Amino acid sequence: MSFPKGFVWGAASAAYQLEGAVYEDGKGFSVWDKFVRQPGKIWNGQTGEVACDHYHRYQEDVNLMRQIGFTGYRCSISWPRILPSGTGKINAGGLAFYDRLVDALLEARIVPYITLFHWDYPYELFIRGGWLNPDSPDWFAEYAKIVVEHLSDRVSHWFTLNEPQCFVGLGHLDGQHAPGLKLDISQFLQVGHNALLAHGKAVQAIRANSKTPARIGYAPQGNATIPFTLKPEDVEAARRDTFAVTQRNTWNNAWWIDPVCLGHYPEDGLRVFGDSMPEFPESDLDIIHQPLDFLGLNTYFGKYVKASPNGPEEVSLRPGHPITAFDWPVLPEVLYWTPRFFYERYQLPLIFAENGMSNVDWISVDGKVHDAQRVDYLTLYLRQLQRAVNDGFKVEGYFHWSVMDNFEWSFGFRERFGLIYVDFESQKRLLKDSALWYKEIIATNGACL
Ligand code: GCO
């Protein structure tokens with residue numbers, strides 16, 4: 001059985017993780033440029049200063065994407081390349097790079113899906129209070145407007161923010177990601193609220209300024225809880241757990257998606273955060289709740305629950321359950337239950353904006369990269385996605401994370417997530433076995449699965 005006609009197949013990346021060239025052509029500093037220089041923050045002191053040198057090798061990389069047969073490619077724009085100080089003066093050199101990249105993609109018949117923000121926040125705005133500054137949503141909307149005015153003659157697919165769970169939570173509460181802050185819960189919630197407002201204002205800016213009909217989405221993490229059996233009570237327990245907010249931290253779905261797609265914060269979350277919740281005018285929720293064309297989801301995790309008299313009860317994995325190099329459990333059914341639960345709740349077509357695994361890849365004596373686990377991962381996960389699509393849950397596309405091995409944030413180059421192997425010393429690229437298998441999946445629109 002194949003996927004619907006026009007289903008988008010590709011992979012995803014983020015500017016800081018692969019571009020390199022962090023001091024070139026007038027780019028300003030981002031919080032990541034500064035954070036990676038702080039001792040002890042990144043595995044082995046590594047940085048993304050060169051990364052995959054994609055800034056210079058984008059044409060070769062687009063050629064490889066064409067070879068695999070991508071019909072779409074999700075990449076992000078570095079805000080401080082466009083606006084070195086975050087607002088104000090526009091850097092023509094930065095815009096010119098994305099012109100070249102977009103033109104190369106279109107030439108290869110690959111549809112660009114642009115993420116406006118994948119975490120490389122302008123350092124000069126951070127100095128001015130960053131996401132805590134009440135002007136921060138407007139700063140983001142100004143940047144969005146400039147990008148859209150410039151690229152929307154050729155680009156019509158946009159994601160606003162990537163994973164607020166991470167840049168708000170890991171960046172401002174846990175301190176593990178840039179800018180490395182450990183704020184209190186109420187300031188963390190304020191950062192989150194401003195980020196959601198920034199999303200809403202950016203959607204308005206895209207709609208108002210796009211030269212082609214824009215299709216706009218958002219890319220939070222979205223991970224379903226899996227019912228341990230198909231008994232209706234277990235399915236209901238899993239659905240409840242998927243959207244529950246029970247902890248005073250960043251790790252849940254509904255806090256970050258309900259305001260955007262339903263226009264309100266989830267009730268249980270409001271109870272959990274209680275009087276740490278910032279005050280804001282009701283009208284903020286109207287700004288946050290803009291009509292969207294699709295909901296992007298980054299899906300990596302899952303867990304099992306079953307019904308119990310005390311509510312959903314987690315069922316632990318059996319000893320020996322498969323895990324990836326990152327120690328993340330392999331749970332293919334998450335690509336069935338995520339589309340099902342999220343489509344039911346939000347009634348928007350979905351795009352899997354990220355899904356993938358890190359593996360212990362190296363070049364074998366025969367000169368090839370045999371990433372058998374990733375080949376199997378693709379098969380198992382995409383079969384589940386196919387099952388969801390067959391059951392009528394609307395999914396428009398799948399972007400594997402990632403197109404090529406790259407800089408995995410605080411883990412540096414330790415984790416290899418790519419379909420394409422990168423030798424970071426010679427910058428040589430090599431299609432892994434998984435890329436060849438993905439090529440066949442794309443060529444048959446999933447029928448070979
Ligand atoms: C995220 C980001 C990606 C990561 C990927 C693997 O989900 O953290 O969007 O930039 O590299 O998810 O961890």
Side-chain angles (χ1 to χ4, degrees), residues 10-20 30-32 35-36 41-43 46-48 51-52 54 73-79 113-121 159-178 195 199 217-224 250-253 256-257 295-302 323-331 334-335 338 351-361 371 373-374 377-378 381 398-420 422 424 434:
S13 71
Y16 188 71
Q17 297 185 268
L18 85 169
E19 284 178 1
S30 79
V31 291
W32 273 95
F35 186 71
V36 297
K41 297 296 183 196
I42 314 294
W43 186 71
Q46 294 170 345
T47 79
C52 310
H54 174 73
Y73 172 54
R74 172 176 180 240
C75 58
S76 82
I77 289 190
S78 159
W79 181 351
Y113 281 70
I114 303 280
T115 310
L116 287 168
F117 182 66
H118 202 129
W119 309 352
D120 41 359
Y121 191 80
F159 293 99
T160 54
L161 307 176
N162 182 73
E163 293 192 19
Q165 287 98 335
C166 292
F167 76 84
V168 177
L170 291 176
H172 296 79
L173 188 63
D174 304 340
Q176 288 163 22
H177 277 188
H199 157 84
Y218 169 52
Q221 264 198 26
N223 300 297
T250 194
W251 301 116
N252 70 75
N253 300 304
W256 306 102
I257 310 183
L295 174 62
L297 295 172
N298 294 354
T299 305
Y300 293 94
F301 305 103
I323 51 172
T324 71
F326 227 159
D327 285 351
W328 297 353
V330 178
L331 294 165
V334 83
L335 271 200
T338 303
I351 292 185
F352 284 87
E354 289 180 25
N355 165 252
M357 63 169 280
S358 68
N359 196 30
V360 288
D361 304 327
D371 56 340
Q373 278 75 13
R374 189 174 287 101
Y377 183 103
L378 274 170
Y381 276 68
Y398 174 83
F399 293 101
H400 192 74
W401 185 272
S402 176
V403 60
M404 62 181 78
D405 297 335
N406 59 44
F407 179 78
E408 179 57 27
W409 308 113
S410 47
F411 294 88
F413 297 101
R414 201 190 76 176
E415 303 298 324
R416 291 185 178 271
F417 272 91
L419 295 164
I420 300 170
V422 178
F424 294 103
S434 58

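As the structure is a prediction and not an experimental result, all values here were calculated from the model. First listed ligand is number 1; within each ligand, the first listed atom is number 1. Numbering of residues begins at 1 and proceeds along the displayed sequence.
With sequence neighbours left out, the side-chain contact (heavy atoms from CB on, under 4.5 Å) criterion links Glu415 to Ala325, Phe326, Ser358, Glu408, Phe411, Phe417.
Taking the six-membered ring for Trp and thresholds of 30 and 60 degrees, Trp328 and Tyr300 have ring planes more than 60 degrees apart, a perpendicular arrangement. Ring geometry for Trp32 versus Phe35: interplanar angle over 60°, hence perpendicular rather than tilted (30 to 60°). Using the six-membered ring where Trp is involved, Phe117 and Phe167 have ring planes that are perpendicular, over 60° apart on the 30 and 60° scheme. Ring pair Phe407/Phe413 is perpendicular by interplanar angle, where above 60° counts as perpendicular and below 30° as parallel.
Of the charged side-chain nitrogens involved, none lies within less than 4.0 Å of a carboxylate oxygen, so that Asp371 and Arg416 do not count as a salt-bridged pair.
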What are the distances between nitrogen or oxygen atoms of ligand 1 and protein nitrogen or oxygen atoms, counting only those under 3.5 Å?
residue  : atom   : partner : partner atom : Å
ligand 1 : 7 (O)  : Glu163  : OE1          : 3.0
ligand 1 : 7 (O)  : Glu163  : OE2          : 2.4
ligand 1 : 7 (O)  : Glu354  : OE1          : 3.2
ligand 1 : 9 (O)  : His118  : NE2          : 3.1
ligand 1 : 9 (O)  : Asn162  : ND2          : 3.0
ligand 1 : 9 (O)  : Glu163  : OE2          : 3.4
ligand 1 : 9 (O)  : Glu354  : OE1          : 2.9
ligand 1 : 9 (O)  : Glu354  : OE2          : 2.7
ligand 1 : 10 (O) : Gln17   : OE1          : 2.6
ligand 1 : 10 (O) : His118  : NE2          : 3.0
ligand 1 : 10 (O) : Trp409  : NE1          : 2.9
ligand 1 : 11 (O) : Gln17   : NE2          : 2.9
ligand 1 : 11 (O) : Trp401  : NE1          : 3.3
ligand 1 : 11 (O) : Glu408  : OE1          : 2.6
ligand 1 : 12 (O) : Tyr300  : OH           : 2.9
ligand 1 : 12 (O) : Glu354  : OE1          : 3.1
ligand 1 : 13 (O) : Glu408  : OE2          : 2.6

